[in-house]
Number of protein chains: 2
Amino acid sequence: METLESGDGAPFESIGDWATRAADPGYRAAVLDLLGALAYGELSAFERLADDAKFAPGITEKAALARMASAEYQHYQLLHDRLAEVGADPTEVMTPFVEALENFHRLTAPSDWLEGLVKAYVGDAIATDFYREVAVRLDDDTRELVLRVMSDTGHAEFAVDRVRQAIEEDPRVGGRLALWGRRLMGEALSQAQRVVAERDALSNLLVGGAEVHGFDLVEVGKMFNRITEAHTRRMAALGLAS
Amino acid sequence: METLESGDGAPFESIGDWATRAADPGYRAAVLDLLGALAYGELSAFERLADDAKFAPGITEKAALARMASAEYQHYQLLHDRLAEVGADPTEVMTPFVEALENFHRLTAPSDWLEGLVKAYVGDAIATDFYREVAVRLDDDTRELVLRVMSDTGHAEFAVDRVRQAIEEDPRVGGRLALWGRRLMGEALSQAQRVVAERDALSNLLVGGAEVHGFDLVEVGKMFNRITEAHTRRMAALGLAS
């Protein structure tokens with residue numbers, strides 16, 4: 001397992017296991033929120049990736065999107081089973097996040113194959129960043145689950161070559177996709193901020209760990225900034241100014 | 001493994017392994033055709049099941065379709081890898097079957113959740129019937145693969161309860177879905193017959209085993225009849241006159 005550190009570079013320290021921490025109802029509620037958001041995120045990612053397969057120019061490309069979608073479903077299954085294991089009702093726990101995720105996907109439905117590829121790549125990368133940010137703030141058992149789900153992302157790397165090649169063939173494509181990348185990040189942040197504003201326990205966990213009980217808007221902003229900066233670097237590497 | 005017998009009750013007898021049989025170019029071509037048709041069938045089933053998830057009335061139902069779609073993708077992967085392993089180009093081998101499968105799905109796009117459920121159940125069952133018919137005619141290695149893919153079907157059983165319940169609540173639903181079931185089977189047979197007419201080697205393998213070299217329309221008809229009869233029994237069990 002890779003060395004963990006929190007997003008701001010602080011060293012990683014275990015806060016104990018699930019059984020110990022979950023005795024605190026605030027912590028339990030926050031982790032259920034987190035797992036619910038991740039689970040519905042994976043299920044909706046499955047649905048949208050599978051839907052984007054309709055744009056695939058050939059069988060190989062269709063199969064590549066199907067593989068990614070299938071991996072998202074496996075993640076969903078892991079998160080769902082964990083929720084059931086700790087005595088939560090998975091559907092109930094996911095429900096508060098349905099609207100934000102459906103809004104995100106509705107507002108960022110790709111209109112062609114390249115937009116679909118960029119969305120798959122950006123979505124996969126943001127998910128990995130987010131898993132990394134949050135893993136250090138979790139009890140050992142939940143962290144292990146989150147890292148297990150994270151270790152299986154990165155399926156979207158195949159998109160990079162295809163997008164680069166399309167830009168080389170027609171540089172105007174780069175301008176359009178750069179705009180698309182900004183819109184994806186903008187909508188993701190907008191929906192995330194809405195969720196953060198509505199789910200106090202989850203927000204506290206994300207920014208301060210289990211010990212912090214005051215809502216800290218500055219810390220939330222910093223986390224979003226770190227994820228945005230990583231996105232910007234990735235877009236540049238892809239040949240897209242963001 | 002369950003006891004195998006051919007569809008007409010003849011006892012099962014091994015015809016040897018892949019290495020031995022594939023020396024015959026006709027046999028090799030027929031098995032590549034078969035695996036290509038099955039592989040694209042799984043990939044297109046993935047895509048359509050995932051698409052039908054949009055009709056799901058709730059998260060549980062959406063996840064159930066996603067699980068089925070994901071299983072279809074895993075089957076695709078197995079068949080694809082086997083094609084590559086025996087030195088075939090998977091895309092090339094699948095291409096002759098794209099049109100028939102896309103036609104089938106285009107002509108049988110469900111218009112609501114219940115039609116989607118019936119299609120998932122019927123499709124899964126027909127696939128199992130077909131795997132069973134064909135398994136006995138194959139070399140040991142190909143048969144093992146086909147049985148492995150088959151053993152992982154049956155995900156659509158969850159559909160049965162939902163459909164029965166919907167018919168109990170509103171018997172008129174039964175009439176509409178019975179018509180739908182007939183249409184599914186009709187379109188499946190129509191596309192299958194087209195494939196059979198175009199692919200001689202595959203057709204010979206399906207009806208007569210590796211040894212038969214004359215095209216036997218009567219045997220093709222018998223196989224389709226056995227699958228249709230099984231479909232009729234299933235529809236009746238579901239409360240649908242077919």
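These numbers come from the heavy atoms of this one structure, side chains and all, not from hydrogens, waters or symmetry mates. Residue numbering restarts at 1 for every chain, and letters A, B, ... go by the order of the sequence lines.
- Residue-level contacts of residues 93-115 of chain B with chain A, in order of numbering, are B:M94, B:T95, B:V98; threshold 4.5 Å between heavy atoms.
- For B:R194, the CZ atom is densely surrounded, since the number of other residues' heavy atoms within 6.0 Å is greater than 12.
- Counting heavy atoms from C-beta outward, A:Q74 and B:Q74 have side chains that approach closer than 4.5 Å.
- The shortest side-chain heavy-atom distance between A:Y76 and B:K62 does not fall under the 4.5 Å cut-off.
- Take B:S190 and apply the side-chain hydrogen bond (donor to acceptor under 3.5 Å, both in side chains) test, not counting sequence neighbours, and it matches no residue.
- Considering only heavy-atom pairs separated by less than 4.5 Å from chain A, the leading option among B:A50, B:S70, B:G58, B:A53 is B:S70.
- Of the listed residues A:H80, A:Q77, A:R67, the one with more heavy-atom pairs under 4.5 angstrom with chain B than any other is A:R67.
- Contact annotation for A:L43: only side-chain heavy atoms (C-beta onward) come within less than 4.5 Å of a heavy atom of chain B.
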Could you check A:K54 against B:E47 for salt bridge (charged side-chain N to carboxylate O under 4.0 Å, His left out), going step by step and ending with a plain yes or no? CA-CA 8 Å; A:K54 66 174 178 274; B:E47 196 176 357; over 6 Å; no
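- Closest non-hydrogen pair, A:Y73 versus B:A63, comes out as CE1-O, 3.6 Å.
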